[in-house]
Amino acid sequence: MKSLLEIVTVKDNEITLVFKDGNFLKTLKPGRYAFWKGVAKFDFETYDLNELEVPKEVEKKYVNTTSGFYIRTFFVESYEEGLLMVDGNYVRKLKPGRYDFWKNEHTVSVLKADMRALQMEVSGQEILTKDKAALRINFQLQYRVKDIEKALIETKDMTKQLYLVMQMAIREYVGTLTLDELLAKKESIKDFVLESAEQKAKELGCEILTCGIRDIILPGDVKEIMNQVLVAEKKAQANTIMRREETASTRSLLNTAKLMEENAML
């Protein structure tokens with residue numbers, strides 16, 4: 001009787017894929033199974049669940065044709081990079097794609113980072129200038145993750161750390177200028193911040209692409225004073241122009257009178 005049967009034994013740490021006449025039939029859990037010989041051609045593939053990664057040849061035969069009860073799947077999108085973590089330890093970097101791992105006693109996770117250009121707002125920073133004028137600055141920057149290992153493993157919460165770096169660089173710059181100097185040189189903050197924060201950002205695993213002040217918000221009383229100064233300056237400019245025109249007109253009248261005095265016909 002045994003000669004008519006094909007006996008398959010699946011160990012506790014294994015699964016076996018059964019193929020009938022070349023087509024996937026089912027998955028065998030741990031246990032002992034018997035199949036009749038001669039009725040159909042049976043093939044068996046056994047895999048060790050203690051291994052970490054699912055072999056590539058299993059993906060189409062098993063993952064796509066069963067519920068994947070024994071497999072955990074992770075996807076790294078085309079604009080991402082990933083880090084494979086096993087039992088809390090870093091194993092290797094993952095490029096975009098699909099990754100399948102056996103479900104076993106190991107804890108498997110994938111840390112991912114968006115590698116595209118990202119934007120950050122450093123908004124509402126209340127800062128005192130050199131002449132003790134209180135103001136708020138809204139700052140924006142564009143950055144990109146360059147070293148995913150530094151960004152996700154060596155640094156805790158990289159975006160918060162980068163925010164703090166930018167915040168300190170802005171305060172350092174503004175604190176060295178008076179309000180008038182800041183308003184006159186606000187475009188130069190980009191170069192200062194880039195130079196000040198570039199190396200620190202690199203240590204966090206990212207690079208700053210561009211940055212700049214979006215707007216400067218003055219307190220109500222300071223804004224009112226600035227408006228008064230602006231009105232006074234414009235009035236002074238208007239008075240200067242009027243005096244210049246009056247002088248030119250008087251000079252023209254004097255020239256005309258002189259010509260008439262010297263020429264009897266006129």
Side-chain angles (χ1 to χ4, degrees), residues 76-83 90 93-96 110-234 236-237:
V76 180
E77 303 296 338
S78 59
Y79 52 85
E80 297 177 326
E81 282 188 3
L83 299 179
Y90 169 57
K93 187 183 295 184
L94 301 179
K95 295 295 183 182
V110 175
L111 305 179
K112 299 189 290 184
D114 193 325
M115 306 304 289
R116 296 174 293 185
L118 305 172
Q119 186 167 319
M120 177 184 291
E121 295 282 342
V122 185
S123 57
Q125 296 303 301
E126 295 187 0
I127 307 175
L128 286 177
T129 61
K130 186 178 180 180
D131 54 353
K132 308 305 180 184
L135 50 82
R136 286 194 298 147
I137 290 181
N138 292 326
F139 196 84
Q140 60 185 6
L141 71 144
Q142 194 176 51
Y143 69 99
R144 177 186 288 118
V145 175
K146 292 292 289 183
D147 190 330
I148 186 174
E149 296 175 24
K150 286 184 178 180
L152 297 184
I153 297 179
E154 298 178 17
T155 304
K156 182 179 179 180
D157 204 332
M158 184 270 293
T159 53
K160 287 187 178 179
Q161 297 275 12
L162 180 60
Y163 185 95
L164 180 60
V165 167
M166 302 304 298
Q167 188 181 52
M168 298 306 294
I170 297 167
R171 289 182 179 275
E172 181 182 355
Y173 178 81
V174 173
T176 61
L177 301 175
T178 64
L179 178 58
D180 290 339
E181 290 172 340
L182 175 63
L183 295 177
K185 299 179 180 179
K186 63 179 182 180
E187 298 300 329
S188 64
I189 190 173
K190 171 183 176 181
D191 298 329
F192 179 89
V193 171
L194 282 175
E195 183 178 354
S196 176
E198 183 178 15
Q199 182 58 38
K200 295 176 183 177
K202 188 179 295 184
E203 293 172 1
L204 297 176
C206 61
E207 68 169 346
I208 301 173
L209 303 177
T210 185
C211 62
I213 291 179
R214 191 178 65 179
D215 50 50
I216 298 176
I217 303 173
L218 301 174
D221 53 347
V222 175
K223 188 183 296 185
E224 185 178 349
I225 293 172
M226 294 292 291
N227 288 335
Q228 290 175 358
V229 170
L230 180 61
V231 170
E233 288 179 349
K234 294 302 180 183
Q237 291 176 4

Practice task
Evaluate the criterion side-chain contact (heavy atoms from CB on, under 4.5 Å) for residue pair Lys130 and Leu177; output intermediate values, then yes/no.
Solution key: CA-CA 5 Å; Lys130 186 178 180 180; Leu177 301 175; 5.6 Å; no
Practice task
Apply side-chain contact (heavy atoms from CB on, under 4.5 Å) to Val193 and Met166, showing your working.
Solution key: CA-CA 7 Å; Val193 171; Met166 302 304 298; 3.1 Å; yes
Exercise for the section: Go through the steps to decide whether Glu149 and Leu83 satisfy the test side-chain contact (heavy atoms from CB on, under 4.5 Å), and finish with yes or no. Expected result: CA-CA 8 Å; Glu149 296 175 24; Leu83 299 179; 4.0 Å; yes
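In this structure, CG in Leu194 is found 6.0 Å from CD1 in Ile208, a value given to the nearest 0.5 Å. How far CD1 of Ile127 is from CD1 of Ile137: 4.5 Å, rounded to the nearest 0.5 Å. Taken from CG in Asp147 to NZ in Lys202, the straight-line distance is 11.0 Å, to the nearest 0.5 Å. Here the straight-line distance linking atom CG of Asp191 with atom NZ of Lys185 works out to 12.5 Å at 0.5 Å rounding. The NZ atom of Lys156 lies 9.5 Å from the CD atom of Gln161; values are rounded to the nearest 0.5 Å. Taking OH of Tyr143 as the start and CG of Leu209 as the end, the distance is 10.5 Å to the nearest 0.5 Å.
Take Thr129 and apply the side chain to side chain donor-acceptor pair (under 3.5 Å) test, not counting sequence neighbours, and it matches Asp131. For Glu81, the side chain to side chain donor-acceptor pair (under 3.5 Å) partners at least two apart in sequence or on another chain are Lys95. A search for side-chain contact (heavy atoms from CB on, under 4.5 Å) contacts involving Lys112 returns Val76, Glu80, Val110, not counting sequence neighbours. With sequence neighbours excluded, the residues forming a side chain to side chain donor-acceptor pair (under 3.5 Å) with Gln167 are Gln125, listed by chain and number. In terms of the ring-ring contact (aromatic ring centres under 6.0 Å, His included) criterion, Tyr90 has no residue partners (sequence neighbours excluded). Applying the ring-ring contact (aromatic ring centres under 6.0 Å, His included) criterion to Tyr173, with sequence neighbours excluded, gives Phe192.
No more than 12 heavy atoms of other residues, nucleotides or ligands shown are found within 6.0 angstrom of NZ on Lys186. For Glu195, the CD atom counts as loosely surrounded, since its 6.0 Å shell holds 12 or fewer non-hydrogen atoms of other residues, nucleotides or ligands. For CD of Glu198, the number of neighbouring non-hydrogen atoms (other residues, nucleotides, ligands) closer than 6.0 Å is 12 at most. Around the CD atom of Glu121, the shell of radius 6.0 Å holds more than 12 heavy atoms that belong to other residues, nucleotides or ligands.
The nearest pair of heavy atoms linking Arg116 to Arg144 is O-CG, 4.0 Å.
Side chains of Thr159 and Asp157: a donor-acceptor N/O pair is present below 3.5 angstrom, by distance only.
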